[in-house]
Amino acid sequence: MKTLKITLLFCLVSIFSFAEVSKDQKTALVDLYNATNGDSWTQSWDLDQPVSKWHGITIDNENVVAINLSFNGLNGTLPESISKLTHLKSLNLSFNKIGGELPNTLVSMINLEELKLFSNVFNGEIPTDIGDLGKLKSLELFNNDFVGEIPSSIGKLTKLESLILSSNQLIGHLPSNLSNLKSLKVLSVFDNRLLGTIPSTIGGLAQLEELVLSNNAFYGELPSELAQLTNLKTLLLGQNQFKGNFAALKAKFPNIVDFDLDDVNRNSALATLDAEEEDEN
């Protein structure tokens, strides 16, 4: 009898160890495999094996909760069916060659907490409804070819801690409602085509530790509210057209480690943009 119990226990453990995810979830993963040339991945999947054995897949309670296929030679596009992974919390496809536009269905993956698609060749616009991903803590889309404006719906991502959109082809202004992101620690948009003045509402990002605005077309006086960001360790502003007393500005940040400006602006107290416009009239 004791031997029988041990045998039954072993069988139960084996069953739970190799429990399969739902058909929809497995189909979505196979679609991702096929759409990104899975046979040529650095670490490919054996589709005859249980999903739990596939590289980069994390399963919890028979649901796929994380995908990490960074540095894995993915080449192709993201299939719309990826939205069937409704329990997914983390999607990391960084450092691959995935292109095309992000599928609109992506915004229905409402359990996502991390979306890391940086260092690919994505193009098109960032989905306007990206703000529907209300649980996002990290949105990292840098080093791609995204165009268009930063969607204002990003202001709805109140749990966001890291927003990195650098090295794309984004245009337009910084959305003023970024001030809603009270948990934000990193805001990086360098090397885009953004323009305009920095909204004074940026002073509401009290947790911000990194603010990177370099290599854009921002201009004008930096808002005095910037001095409220006392947790800043990194402030990079170079290759823009800002005006102000930058030497005094740096002194206002007790924890600053990285501070960068154009050489011509480092020590001088320049006239504001408004003053220049008055002189022209």
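- Ring geometry for Phe218 against Phe242 counts as parallel: the plane angle stays under 30°, on a 0 to 90° scale with 60° as the upper cut.
- For the atom pair Leu194 CG and Glu149 CD, the distance stands at 9.0 Å (nearest 0.5 Å).
- Rounding to the nearest 0.5 angstrom, the gap separating the CD atom in Glu221 from the OG atom in Ser200 is 13.0 Å.
- By the side-chain hydrogen bond (donor to acceptor under 3.5 Å, both in side chains) test, Lys89 pairs with no residue at all, sequence neighbours left out.
- Side-chain contact between Leu174 and Ile150: present, with at least one pair of heavy atoms (C-beta onward) separated by less than 4.5 Å.
- Residues Phe142 and Leu139 fall into different hydrophobic clusters, defined by Ile, Leu, Val, Met, Phe, Trp and Tyr side chains chained together at heavy-atom separations under 4.5 Å.
- Side-chain atoms of Asp145 never come within 3.5 Å of backbone atoms of Val147 as a donor-acceptor pair (strictly under, hydrogens ignored).
- In this structure, CD1 in Ile154 is found 10.0 Å from CG in Leu133, a value given to the nearest 0.5 Å.
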inquiry  = Using the rule given for side-chain contact (heavy atoms from CB on, under 4.5 Å), can you reason through Ile82 versus Met109, listing the C-alpha separation, both sets of side-chain angles and the distance that settles it, and then say yes or no?
reply    = CA-CA 9 Å; Ile82 196 169; Met109 302 171 70; 4.2 Å; yes
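- Heavy atoms only, all atoms of each residue included: Thr105 and Ser83 are closest at O-CB, 3.4 Å.
- No path of Ile, Leu, Val, Met, Phe, Trp and Tyr side chains, each step under 4.5 Å between heavy atoms, connects Ile202 with Leu236, placing them in separate hydrophobic clusters.
- Looking at every heavy atom in both residues, Leu237 comes nearest to Ser214 through N-OG, 3.6 Å.
- Residue Gly134 comes nearest to Lys159 through the heavy atom pair O-CD, 3.9 Å, listed as atom of the first residue, atom of the second, then distance.
- Asn168 places no side-chain N or O within 3.5 Å of a backbone atom of Asn192 that could act as its donor or acceptor partner.
- Proximity of a side-chain donor or acceptor of Asn123 to a complementary backbone N or O of Phe146 within less than 3.5 Å is not detected.
- Considering only heavy atoms from C-beta on, Leu229 comes within 4.5 Å of Leu205 through its side chain.
- Summarising the geometry, atom CD belonging to Glu209 is positioned 4.0 Å from atom NZ belonging to Lys233; distances are rounded to the nearest 0.5 Å.
- A donor and an acceptor atom, one from each side chain of Thr158 and Asn180, are nowhere located under 3.5 Å apart.
- The same ILVMFWY cluster, assembled from side-chain heavy atoms under 4.5 Å apart, contains both Leu184 and Phe253.
- You'll find the side chain of Phe122 reaches within 4.5 Å of the side chain of Leu102, heavy atoms only.
- Of the possible polar contacts, none joining the Asn215 side chain to the Gln239 backbone as a donor-acceptor pair under 3.5 Å is found.
- Note: the hydrophobic cluster containing Ile171 does not contain Tyr219 (ILVMFWY, side chain heavy atoms under 4.5 Å, direct or indirect links).
- A pairwise comparison of heavy atoms in Asn120 and Leu117 identifies ND2-O, 3.0 Å as the closest pair.
- Pro79 meets the side-chain contact (heavy atoms from CB on, under 4.5 Å) test with Asp31, Leu32, Ala35, Ser81; sequence neighbours excluded.
- Of all non-hydrogen atoms in Ser153 and Thr128, the two that sit nearest each other are OG-O, 2.6 Å.
- Hydrophobic cluster membership differs between Val212 and Ile126, with clusters built from Ile, Leu, Val, Met, Phe, Trp and Tyr side chains linked at under 4.5 angstrom.
- A distance-only check finds a donor-acceptor pair linking the side chain of Asn63 to the backbone of Asn61 [under 3.5 Å].
- Put simply, the side chain of Val65 does not reach to within 4.5 Å of the side chain of Asn111, judged on heavy atoms.
- At most 12 non-hydrogen atoms from other residues, nucleotides or ligands lie less than 6.0 angstrom from CG of Asn104.
- The shortest distance between side-chain heavy atoms of Leu163 and Leu178 falls below 4.5 Å.
- For the pair Leu208/Leu232, a side-chain contact is recorded, criterion being any heavy-atom separation below 4.5 Å from C-beta on.
- Put simply, the side chain of Leu112 reaches to within 4.5 Å of the side chain of Leu88, judged on heavy atoms.
- Counting heavy atoms from C-beta on, the side chains of Pro50 and Glu20 come closer than 4.5 Å.
- The backbone N or O of Lys156 sits nowhere less than 3.5 Å from a side-chain atom of Asn177 that would complete a donor-acceptor pair.
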Would you give me the side-chain donor-acceptor pairs under 3.5 Å for residues 91-99, sequence neighbours excluded?
from	atom 1	to	atom 2	distance (Å)
Asn92	OD1	Ser94	N	3.1
Asn92	OD1	Ser94	OG	2.7
Asn96	OD1	Asn72	N	3.0
Asn96	OD1	Gly73	N	2.8
Asn96	OD1	Leu74	N	2.9
Asn96	ND2	Leu69	O	3.0
Asn96	ND2	Leu93	O	2.9
Asn96	ND2	Ser94	O	3.0

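- Between the side chain of Asn143 and the main chain of Ser167, no donor-acceptor pair closer than 3.5 Å is present.
- Around CD1 of Ile110, the count of heavy atoms belonging to other residues, nucleotides or ligands within 6.0 Å does not exceed 12.
- When only modelled atom types and interatomic distance are considered, Ser90 and Glu114 share a side-chain donor-acceptor pair under 3.5 Å.
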task = For the pair Leu85 and Leu29, evaluate side-chain contact (heavy atoms from CB on, under 4.5 Å) and give the outcome as yes or no after the intermediate values.
result = CA-CA 8 Å; Leu85 300 171; Leu29 291 174; 4.0 Å; yes
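- Judged by distance alone, with hydrogens and angles left aside, the side-chain atoms of Trp41 form a donor-acceptor pair with the main-chain N or O of Thr36 at under 3.5 Å.
- Rounded to the nearest 0.5 Å, atoms CG (Leu141) and CD1 (Ile130) are 6.5 Å apart.
- Checking Ser188 against Ser166 by side-chain atom types alone, a donor-acceptor pair falls below 3.5 Å.
- When each of Val186, Leu181, Leu187 is tested with Leu160 by the rule side-chain contact (heavy atoms from CB on, under 4.5 Å), just one qualifies, namely Leu181.
- Looking at every heavy atom in both residues, Lys116 comes nearest to Ser138 through CE-OG, 3.8 Å.
- Judged by distance alone, with hydrogens and angles left aside, the side-chain atoms of Ser176 form no donor-acceptor pair with the main-chain N or O of Pro199 at under 3.5 Å.
- Rounding to the nearest 0.5 Å gives a distance of 9.0 Å between CD of Gln228 and CG of Leu226.
- The closest donor-acceptor contact from the side chain of Trp45 to the backbone of Val30 lies at 3.5 Å or more, if one exists at all.
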